[in-house]
Amino acid sequence: MEKSRKGPIIFSTIKPFAGLKESLKIGRSEVLDQVRNSNIRGRGGAGFPTGVKWNLTATATDNKKYVICNADEGEPGTFKDRVLLGEYAKLVFEGMVICAFAVGADEGILYLRGEYISFLPELDKTLNQMRKDNLLGENILSKKGFNFDIKIRLGVGAYVCGEETSLIESLEGHRGEPRNKPPFPTNTGFNGHPTVINNVETFAAIAHVVLKGATWFKSFGTDKSSGSKLISVSGDCRKPGVYEIPFGTTLKKVLKMVDAKDTKAVQVGGASGTCVSKKDFKRMIAFEDLSTGGSIIIFNQKRNLLDVAENFLNFFAEESCGQCTPCREGIPVLIEKLKKIKNIKATKGDIEDIFSLAETMQLASKCGLGQTASDALISILNSFKKEYTLAKS
Amino acid sequence: MDKLCSVPKTITDGKTNVTICDAKRSQLIPVLRKIQEKEGYISNRKMQEVAFSLGIHPVEVYSVVTFYSFLTIEKKGKHIIRISNCITADMAGAKKIIKTFEKELGIKLGETTKDKKISLEETSCIGMCDQSPAALIDGKLVGKLTPQKVKNIVKELKK
Ligand SMILES: Cc1cc2nc3c(=O)[nH]c(=O)nc-3n(C[C@H](O)[C@H](O)[C@H](O)COP(=O)(O)O)c2cc1C
Ligand code: SF4
Ligand code: FES
């Protein structure tokens with residue numbers, strides 16, 4: 001599809017595979033340096049420095065290494081990876097090939113969520129063309145000894161499989177239950193081999209980083225968050241969609257961009273994110289402020305935020321892998337208490353219980369799902385006190 | 001049945017024989033996906049066959065099947081409608097859409113028509129948040145659903 005999208009980095013123009021050619025020219029260690037110096041951090045949500053991750057895998061000793069692209073996009077309100085895979089697949093694959101070259105991997109896997117199966121024929125076509133053009137396969141672009149190919153694996157309907165160790169479990173043919181970390185995938189990943197796992201958007205930025213340089217990349221964004229972020233905007237606004245914004249953009253500006261009126265609240269980061277009230281619309285999208293994988297859901301004055309919190313909690317109850325107690329047992333209790341609040345039956349004690357349970361879940365859950373499942377509810381209880389009334393005990 | 005094991009090998013320590021398989025455990029989910037696609041579910045028999053060819057216990061296969069929402073042990077319809085129950089769908093009037101589906105199909109959410117032709121299910125966010133309410137219909141993403149659109153879809157699927 002021809003693209004008419006505009007943006008500072010990913011949506012800026014670039015010649016297909018020019019980043020890969022440049023990489024082969026400058027060599028492994030220079031690619032690793034550029035990625036590290038650009039200060040790019042993972043775009044999937046957690047924000048781990050990509051350069052550090054690649055270095056760990058590059059320096060791990062093993063004759064088998066993997067590069068995995070995490071396209072399990074399942075956070076409610078996120079659809080930027082859908083757009084990238086539909087319109088910028090070559091750029092994403094190019095990022096994976098560059099990564100393979102830098103870390104010394106010979107096998108790549110695109111872990112595509114089952115919901116996106118309709119993209120499969122087109123993606124396969126792109127990969128086949130790349131094989132024909134010697135952009136995949138053996139001695140890529142005549143670089144002797146650089147062999148790499150990418151296959152696609154489909155998910156089978158589990159949000160938690162977006163968590164990197166759970167994704168690996170699922171690739172290995174097991175239930176998608178997150179592992180303890182350490183060990184980290186960078187040295188003990190797929191089938192026990194060193195593995196780089198990055199988000200679709202992270203890979204899509206790489207060719208730009210290598211070709212245009214770390215300094216150029218850092219000229220966008222803030223000191224602590226270099227570059228840009230793709231945001232997926234939905235909910236109460238006239239122009240929902242995917243936008244590329246430099247880090248440091250305020251919510252106020254985003255709301256204007258998408259023509260949102262009468263906004264009461266903005267959920268930043270999806271079901272596992274936080275609900276922001278009007279007085280905080282001057283806050284910005286950045287790792288040091290409102291950190292997000294890109295989900296922005298807008299609620300106008302008519303929306304009931306307790307309903308929103310309940311929808312999110314039901315989502316987590318459905319998607320929890322059930323492996324650890326705080327998450328498995330905690331979420332239903334939060335739902336019970338929230339129902340009590342909605343029926344004006346909750347007392348001050350119930351609210352205290354919610355806060356203390358949420359803290360336990362944050363501290364004692366094994367993976368990000370349980371650790372963040374209570375965040376939306378807590379932020380709504382904190383920032384939107386007018387939304388609920390307590391019972392007179 | 002997809003042959004998992006092309007060259008099964010038997011190893012023995014003199015007392016017991018164990019058959020090991022060259023197929024990798026990592027093929028388990030792709031194989032189960034194919035079975036689900038072809039047969040609409042994964043029967044006990046299939047679970048045992050798959051387990052045997054991978055050299056693992058059937059209960060392991062069962063535990064994987066029951067973990068993933070797109071793998072099922074009950075037979076689903078030939079067509080599957082998965083409607084998103086996410087927040088943006090809710091805000092965009094998904095309840096009315098679900099009601100229309102239920103009425104047109106004569107079944108409730110979570111059920112399959114008697115002729116085993118169509119299943120109506122709900123699912124989490126399907127990445128169509130900008131086009132809610134949306135559904136995943138036989139693997140195709142369909143957005144901006146209206147009652148009229150639903151009627152047309154059902155008519156088409158019933159053919
Ligand atoms: C419950 C859960 C779901 C996740 N889902 C995704 C996902 O869909 N896509 C993704 O890239 N990362 C997801 N992550 C984050 C991954 O574990 C991992 O940090 C990420 O893929 C690393 O890539 P990055 O550094 O490029 O962001 C999820 C994490 C958790 C805890
Ligand atoms: S926090 Fe929840 S989803 Fe994560 S491992 Fe524990 S039970 Fe599973
Ligand atoms: S939040 Fe509804 S499809 Fe994503």
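Quick note on labels: first sequence line is chain A, next is B, and so on, each numbered from 1.
Checked by atom type and distance alone, the side chain of Arg25(B) pairs as donor or acceptor with a backbone atom of Gly173(A) at under 3.5 Å. Put simply, the side chain of Asn311(A) gets close to the backbone of Asn85(B): a donor and an acceptor are under 3.5 Å apart.
Counting heavy atoms from C-beta outward, Tyr159(A) and Ser124(B) have side chains that stay 4.5 Å or more apart. Under the 4.5 Å side-chain criterion, counting only non-hydrogen atoms from C-beta, Cys125(B) is not in contact with Phe79(A). In this structure, the side chains of Arg82(A) and Asp130(B) come closer than 4.5 Å at one or more pairs of heavy atoms. Contact check for Arg175(A) versus Val65(B): no side-chain heavy atoms found under the 4.5 Å cut-off. Looking at heavy atoms from C-beta onward, Phe67(B) lies out of side-chain contact with His174(A) at the 4.5 angstrom threshold.
Both the backbone and the side chain of Cys321(A) come within contact range of chain B, with heavy atoms under 4.5 Å apart. For Asn314(A), no part lies near chain B; criterion is any non-hydrogen pair under 4.5 Å. Contacts of Leu171(A) with chain B are made by backbone atoms alone, with heavy-atom separations under 4.5 Å and no side-chain atom involved. For Gln131(B), the part lying under 4.5 angstrom from a heavy atom of chain A is the side chain only. For chain B, the nearby part of Ile298(A) is the backbone; its heavy atoms alone come within less than 4.5 Å. With a 4.5 angstrom heavy-atom cutoff, Val242(A) does not touch chain B via any of its atoms.
Annotation: Lys64(A), atom NZ; neighbour count of heavy atoms from other residues, nucleotides and ligands within 6.0 Å is above 12. Surrounding NZ of Lys75(B) are more than 12 heavy atoms belonging to other residues, nucleotides or ligands, all under 6.0 Å away. Shown here is Lys144(B), whose NZ atom has no more than 12 heavy atoms of other residues, nucleotides or ligands within 6.0 Å. Heavy atoms of other residues, nucleotides or ligands lying less than 6.0 angstrom from CG of Asn44(B) number 12 at most. Within 6.0 Å of CZ in Phe384(A) there are more than 12 heavy atoms belonging to other residues, nucleotides or ligands.
Contact between Ser118(A) and Gly139(B) at its shortest, heavy atoms only, is CB-O, 3.5 Å. Between Tyr68(B) and Ser170(A), the shortest heavy-atom distance links the atoms OH-CB, 3.1 Å. Here the closest heavy-atom approach between residue Glu115(A) and residue Leu141(B) is recorded as O-CD2, 3.7 Å.
Every residue two or more places apart in sequence or in another chain was checked for a ring-ring contact (aromatic ring centres under 6.0 Å, His included) with Phe70(B), and none qualifies.
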Does the side chain to side chain contact (heavy atoms under 4.5 Å, CB included) test come out yes or no for Glu73(A) and Ile126(B), once each step is laid out? CA-CA 9 Å; Glu73(A) 178 163 74; Ile126(B) 54 173; over 6 Å; no
With a cut-off of 3.5 Å and sequence neighbours excluded, list every side-chain donor-acceptor pair involving residues 86-95 of chain B.
residue  : atom : partner   : partner atom : Å
Thr88(B) : OG1  : Ser132(B) : OG           : 2.8
Asp90(B) : OD1  : Lys95(B)  : NZ           : 3.2

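For the options Gly176(A), Pro240(A), Gly74(A), Ser295(A), heavy-atom pairs under 4.5 Å to chain B are most numerous at Gly176(A). The most heavy-atom pairs under 4.5 Å with chain B, out of Arg113(A), Glu75(A), Glu318(A), Gln267(A), come from Arg113(A). Comparing Ala158(A), Ser232(A), Gly241(A), Gly77(A) by heavy-atom pairs within less than 4.5 Å of chain B, the highest count is held by Gly77(A). Counting heavy-atom pairs under 4.5 Å between each of Phe119(A), Phe190(A), Phe299(A) and chain B puts Phe299(A) at the top.
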